Each structure stands twice: as structure tokens, then as C-alpha cells.
*Asks:* 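Dumping the structure here so I can ask a few things about it.
Not measured: the values here are computed from a predicted model. Convention: sequence-line order gives letters A, B, ...; per-chain numbering from 1.
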Amino acid sequence: MSAAAPALLVLTLPDGATREVAPGTLARDVVATIGPRLLQAALAVSIDGAVQDLMTPVRSGGAFQVITEKDPRALAVLRHSGAHILATAVRRLRPDAKIGFGPAIDDGFYYDFEVTKPFTPEDLEAFEAEMRKVVAEKYPFVRAEVSQAEARQVFADDPLKLERLEDFEGSDEVISTYTDGPFTDLCRGPHVPDTSYLKHFKLLSTAGAYWRGDERRQMLQRIYATAFFRKEELEQHLHRMEEAKKRDHRVVGRQLDLFQFFPHAPGAAFWTPRGTQLWLTLEEFIRERQRERFLEIKTPLLYTKKLWEQSGHWGKYKENMFLVWDKEEAERGGSAEDSLSMSLKPMNCPSHHLYFHAHKHSYRELPKRYVTFDVLHRNEISGALSGLTRVRQFSQDDCHIYLREDQIASEVKFLMDFILGYYDTFGLTAKLKFATRPEQRIGSDELWDRAEGALRAALESTGRPYEMKEGDGAFYGPKIDFDVMDSIGRAWQLGTIQLDYNAPERFDLEYTGEDNAAHRPVVIHRAVSGSFERFLAILIEHFAGAFPVWLSPEQVRVLPISDEVLGYAQEVTARLRAAGIRASCDDRSDTLNYRIRDGELMKVPYMAVIGKREAEAGQVAVRVRGAGKKQEVVSVESFQARLLDEIRARALTPSSAGAEA
RNA sequence: GCCACAGUAGCUCAGGGGUAGAGCACUCGAUUCGUAAUCGAGCGGUCGUGGGUUCAAUUCCCACCUGUGGCUCCA
């Protein structure tokens, strides 16, 4: 503020009105000129798109917006303040705790601490209680701008903060601190005006987290928490977490008897008869879709080191491979290391390249699409394993396409339609991400220009919106990723289309062109499901176990009301089975209510109840899963026909129960 | 791999230094039922594994295994 008469800054309000203020005016004073009610509701402001708190001096002009609870950006501000309040409470109860980072995240916030004794669940309760005190004490968040030297003074006892301060060396970024009562943090802000704004919050869990995400650095103790403006929102959030837990594929998988794990095979699933049926149905579906334009091949699971050296896996991926001991190599006197000269395959690409290389190919036969469903093994670190979503043994619907460069655009278009159509069948919606050349890459810039151009042109030709992920491509080529959204709004990265100019070089792949000369093909890596295991886990959670009829392991359960009609019930069951429907007859001597309940719990899409009336009329009383008592009595023929239609159409929901066609 | 937590009957879970209990499931008997749990009886566990402390360990301690939540990684 050295200038004698600084120029006024012009702030433009959303309604077009303007305010002219002297630099250094507090944001809250600007808000006050708009209205007292707005000042009451204000949590922060946005100037030219940058969120700042009310006590921040205005330093530049531009679009000026007041951020209230309604603003989507407000929650992050509240949660960030929540993180400070958490740290305030932790510091009071555990003065030895060194503070790390404490940001707002998608669903809440966390704070990392370095402590000699890790936190226990009881500690969490104590911290939460202490936070409520800090909230009640209503400390204002006081911003201060300090020099590097002053900051070093303030955080002299916090080595993690001192390390953070090093990042400011030589930069002209303003160093600011925020103080709420007894606690001061190095922080850019913004914050809500005082601690009392944090009303509805909950500490959720503790976890270890490496300092700065680096596994070579020390492990800090992270506390996860969440916060909302309204009590109902917090309750809803916690309820959603509960609901998500209920549809957790590990829980549903046990309830519906789909798969299980044994300690004897960590990271490898056992599929039960019902689960195996589910798997086979999915696989059959994929096979059917791929029958026409893809070539399925089955290849070895175990290969010699030579292949992995050629593919580059031996050098870059060996840690993750299950190496296999070669007896003869050992007997030749090789070292223990040398005797491990084979490996279970962790990926299919080398198999496909090997096969493509083994034959002469004409330009006329491209694109050539090889698909393989073989079992893959990756030796994941134990801590990474989790249900079906992260396993050591899995299968992919893995495809490698060998094509001419001029075919890239049309091929990518074809693959995109293929993949999106696949997700549609399950009611999954996909978001597309286009990832471009990364820093670490191979190939000339001209090649990348061509590859990215072709991929992008194909992407745009579909007219679908997509997001850019600059620099996130594979080292060998750009890619399109498919982020799939499930029924409760979670995103999963599943499908991918990747251009690869590296593999053809490594494997010396060739085709004979029109000119009778050898040419290099391009390779496209394509996955749709990711892995069967993970995809089935997603489907289980997406449908909460209530699969559409075509996928259901058990499609119809026939329930005879009494033994008198058992014969007819068995006849109906046999007839449905003969028509290719997965039907069973529940002839247990339990009550009808009991058996209906069991059928509902097992999420069987249709129950066909049969009493004397139905037996006499050649009908069934159709009960649709989840529809309660609403039922329709129809002839066996029309029930069967309708089922077959629904299965053939791979309908997501049943059409009205057994309506006569 | 790292940090924390957990492991008791097939499942969900209670208990706790003196070798265990419920509900459901399962088996048997009775019941033959009209749309989400019929009644009764019975079977079932060396309390994850191995060591240690103790007169005594499922319980306390240590190690390991497996799982869960994270970190890292990732289909």
C-alpha cells in the first residue's frame, strides 16, 4: 500500500452492478455494501473465479460473487475449516502431534498427523468431542500474511510444515497462516468466518498415509471425516454409506452364494455353482457379441523368460509376476534366481503378438482382432487385495487389434460403439476421457500427432462429450478411457482403447502391403469389462444382487403350494428348463411364506406359485421379484414365451408380470 | 509392502484367566399351507495358526496367516 493514491478496483456483481473499492478493502466490507442479509449468509467470496474468505483483502478486480451455503464451492470451504478444527482438537489432546496436510476431499476432509503412538478408535471419539468444544468456543479464523522467516518461526516445532515452507523458497507466492483459537496452520485458505460454522460433522476412520504420498517417507496417521451444512445432509450421507455397504459385492456374494475366498488362495476367487452360472452367462454374452468380427484364441498360461524379455515385462514388470521354477535349469546348476526361468502370464498382449508374428499377413486381412479370456496372474502386494475388485488371478476380455494406420479412425469408431453398446446392456453409463501424450514416452512427435489426431477425430465423430486428460496417455500411445457410472453414482475405470506403436517394433510385427513390401502394423489394446472379476463385482453392486433375468443364475423358482400339486409343479419346471430357462422347483416342506421369503432374499426374478387352481387350469401365478403381492395368473405357455422374450432382449427390468401377449 | 483394526458353529454376532452361548442355516419328527420366517427336538466349535507367561489361556504377550479401512499400486 505504498502508492499515495492507489487506483480503485472494479468488482462486478452477478447482476451486472459494480463496486469500486480501494485495494486492501476486506471482502466482507464489499459484501456488506450489497446487503446485511447476504453478509449474514456469506461464507466466502469468489473474485475472478478464485475463492477467498471474507477477511481477505481484495487485491484485484473482476467478477465478484458471494458464496453462501447454496454455492457448490461452499462445502469444500466448510470442510477445509473442519480439517483445521480437527487439528485444533488433536493438538489439544495430543500436543506432541506434528501436523501434515489437511485438505477437503470429495466426500469430506482429512488431516494427517505424525505421532509416536497411532490413534485408536477411542482417540477418535475423544477428538470428536473436543472438536465440538472448539466449535462451541467460536474462534474466528484469523488470516495473517507472513514472511518466510516469520513462518519458519511459527512452525519451528513442525518439521512437516517447515518442509512445506521450502516449496515457497524463491517463489513470490504469499505465505499465509490461519489461526483459530490456540491453533495456527500454514494455509492458503479460504475458511469460513469462525469455528461455529462447523455444525454437522463426523470423524469416520483412521488410516496410515505416507508423507506426501511417497512410500519411502514416514507414515503419518490420517483421520478421515465428513461435514455438511445441514443435519439431514450428514444423515443422508451416512445412510448412503450404509446402503453402499449393504450392496458390497463381498456381502451380496455371500448372501447369494456367488463366490468365496479361502486363505489358501489369497487373491483368487472360488466361484460357486450360482456364481459360475453368472460368469458363464456374461462370458457367453461377450462371445456372442464378438463372434462376428473378433477371433478368439486360447494361449498358454506359462511362458519362458525369453518371451518376457522380448515384451519388456522381465525388465519392468518382474516384481508383479509369479515366476515358476524350472527343474532342468536348476539341475544344470543355475542359481536359484536363474532357475526361476518361466512365468505365469500377467497380460495377454505378448501371446497375441507372438501369434501374429508367427504368420504372414496381407494388408487385406487387417484389422485382425484377437481376443482371449485366459486366466492371468499378477503378484499384487498383499495390502492391495480387496474382494473381487483387486485380485491376483483374473480374466480379461482382452483384445489386440492389428491394423494399418489408415484404419485407425474407422476402427476406433467401431470399438467405441461396441464398448458403449456393451455398457448400455447393463444400464451403465460411461464418461469418456481422452488421454494424450505423457512426459515419458516413446515415438516421434509426428507419430504422436498422427495417433492423437486419428483417435480424437474418431472420438468426435461419435458426437459424445468427453473430458481431456492431458499427459495421461500410455507411454506407447494415446488412449480413450471409459469411466463407468454405476447405479449409486460411483465411477469405475473399465474400458480402454489404446494406440500402441511400441509393440509392433519390439515384436517385429509386419504385414505385406499392396506394394508387396513389408509394413509395420499399429496395435490397439482394447478392454471392455476390465476384468471379469471386477466387472462382476461392479454388476453385483450396481444391481444390488437383483440381476436382470437374463443374467440371474436362477431365473424362475416354481413353488407348489402343497404336495397335491407337486407333480404339476415339477412338470412346469421341466418344461421351462427344456426351453432353456434356468428354473428350479422349491418342493421343501416349509410353508409357502417361508419359501417366498427365501426366493425374495435370493433375488430370484420370478416365482411361479402353483396351487390347485393353477394346476387345474394349466397356469402359474407369477410373482415378480420385489413387487410384493401384485401378481398375475397366466398360462404356462405365455409365461414361458414372455420369459424367453425378456431373456433374448436382455431386458433390464421385467415387463408387467406375465401379461398375456 | 506400510499403518490401524479384526478373526468365537456354515452365516450374523454375544461372551471373557477356570477349556463356550444366541438367532438363522443344517438333520429328524409333526404340519400341506394361497404370497416375505409353522412348531418341537437334535447335530454342530481343540474360540485363525504357532510360540510364550501362568497351577490354568479362547481370554494376557509375541510372531505368523487371512480379511477390513486407508497409503502406495492397479484390470
*Asks:* Answer yes or no: is there an ion pair linking E243(A) with K246(A), defined by an N-O contact shorter than 4.0 Å?
*Replies:*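 Yes, charged N to carboxylate O under 4.0 Å.
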*Asks:* Using a heavy-atom cut-off of 4.0 Å across all strands, would you classify G530(A) as base, sugar-phosphate, or nothing?
*Replies:* sugar-phosphate
*Asks:* Indicate, with a heavy-atom threshold strictly under 4.0 Å, whether Y224(A) touches base, sugar-phosphate, or nothing.
*Replies:*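 Counting heavy atoms under 4.0 Å across all strands, the contact made by Y224(A) is with sugar-phosphate only.
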*Asks:* Could you list the residues that satisfy ring pair (Phe, Tyr, Trp, His ring centres under 6.0 Å) with Y594(A), not counting sequence neighbours?
*Replies:* none
*Asks:* Within the structure shown, what part of the strands sits under 4.0 Å from R613(A) by heavy-atom distance: base, sugar-phosphate, or nothing?
*Replies:*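 Base, at least one base heavy atom under 4.0 Å.
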*Asks:* Using a 4.0 Å heavy-atom cut-off, does N593(A) contact any base of the nucleic acid, only the sugar-phosphate backbone, or nothing at all?
*Replies:*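 Sugar-phosphate: the residue N593(A), judged by heavy atoms under 4.0 Å, touches backbone atoms but no base.
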*Asks:* Touch check for E533(A), heavy atoms < 4.0 angstrom, all strands: base, sugar-phosphate only, or nothing?
*Replies:*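 No contact.
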*Asks:* Give S386(A) one of three labels, base, sugar-phosphate or nothing, depending on what nucleic acid heavy atoms sit under 4.0 Å from its own.
*Replies:*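 If one applies the 4.0 Å heavy-atom cut-off, S386(A) turns out to touch the sugar-phosphate alone, with no base involved.
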*Asks:* I'd like to know if R91(A) and D158(A) make a salt bridge, using a cut-off of under 4.0 Å between side-chain N and carboxylate O.
*Replies:* yes
*Asks:* Sticking with atom P, work out how far rA9(B) lies from rG1(B), rounded to a whole angstrom.
*Replies:* 26 Å
*Asks:* side-chain hydrogen bond (donor to acceptor under 3.5 Å, both in side chains) with E470(A): which residues, sequence neighbours excluded?
*Replies:*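 Residues passing side-chain hydrogen bond (donor to acceptor under 3.5 Å, both in side chains) with E470(A): T436(A).
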*Asks:* Does F394(A) reach a base, just sugar-phosphate, or nothing at all? Heavy atoms under 4.0 Å.
*Replies:* base
*Asks:* Parallel, tilted or perpendicular, judged at 30° and 60°: which one describes the rings of Y422(A) and F535(A)?
*Replies:* tilted
*Asks:* Which part of the nucleic acid does L385(A) contact within heavy-atom distance under 4.0 Å: base, sugar-phosphate only, or nothing?
*Replies:* sugar-phosphate
*Asks:* Do side-chain atoms of E533(A) reach the backbone of S395(A) as a donor and acceptor pair under 3.5 angstrom?
*Replies:*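 Between the backbone of S395(A) and the side chain of E533(A) there is a qualifying donor-acceptor contact (under 3.5 Å).
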*Asks:* Taking the side chain from S552(A) and the backbone from V604(A), do they hold a donor-acceptor pair closer than 3.5 Å?
*Replies:* no
*Asks:* Enumerate, atom names and distances included, each donor-acceptor pair closer than 3.5 Å involving a side-chain atom of residues 379-391 of chain A, sequence neighbours excluded.
*Replies:*
residue : atom : partner : partner atom : Å
E380(A) : OE1  : R390(A) : NH2          : 2.6
T389(A) : OG1  : S386(A) : O            : 3.0

*Asks:* Check every strand shown and say whether Q255(A) touches a base, only sugar-phosphate, or nothing at a heavy-atom separation below 4.0 Å.
*Replies:*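 Nothing, no heavy atom under 4.0 Å.
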*Asks:* Contact class for A207(A) (heavy atom, under 4.0 Å): base, sugar-phosphate, or nothing?
*Replies:* base
*Asks:* Which is true for A384(A) with a 4.0 Å heavy-atom rule: it touches a base, it touches only sugar-phosphate, or it touches nothing?
*Replies:* base
*Asks:* By the 4.0 Å heavy-atom rule, please label R534(A) as base, sugar-phosphate, or nothing.
*Replies:* base
*Asks:* Considering every strand and a 4.0 Å limit on heavy-atom distances, what is the contact class for R250(A): base, sugar-phosphate, or nothing?
*Replies:*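 Counting heavy atoms under 4.0 Å across all strands, the contact made by R250(A) is with sugar-phosphate only.
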*Asks:* I'd like the 5' and 3' limits of the part of RNA chain B contacted by chain A, with heavy-atom contacts below 4.0 Å.
*Replies:*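 Range of nucleotides touched by chain A: rG1(B) to rA75(B).
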*Asks:* Got a list of side-chain donor-acceptor pairs under 3.5 Å for residues 489-498 of chain A, not counting sequence neighbours?
*Replies:*
residue : atom : partner : partner atom : Å
R490(A) : NE   : D486(A) : OD2          : 3.1
R490(A) : NH1  : E541(A) : OE1          : 3.1
R490(A) : NH2  : D486(A) : OD2          : 2.9
R490(A) : NH2  : E541(A) : OE1          : 2.8
W492(A) : NE1  : D486(A) : OD2          : 3.3
Q493(A) : NE2  : G495(A) : O            : 3.2
T496(A) : OG1  : D481(A) : OD1          : 2.9
T496(A) : OG1  : Q498(A) : NE2          : 3.2
Q498(A) : OE1  : Y476(A) : OH           : 2.5

*Asks:* Using a cut-off of strictly less than 4.0 Å between a heavy atom of the residue and any atom of RNA chain B, enumerate the qualifying residues of residues 211-220 of chain A by number.
*Replies:*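 Contacts with RNA chain B under 4.0 Å: G213(A), E215(A), M219(A).
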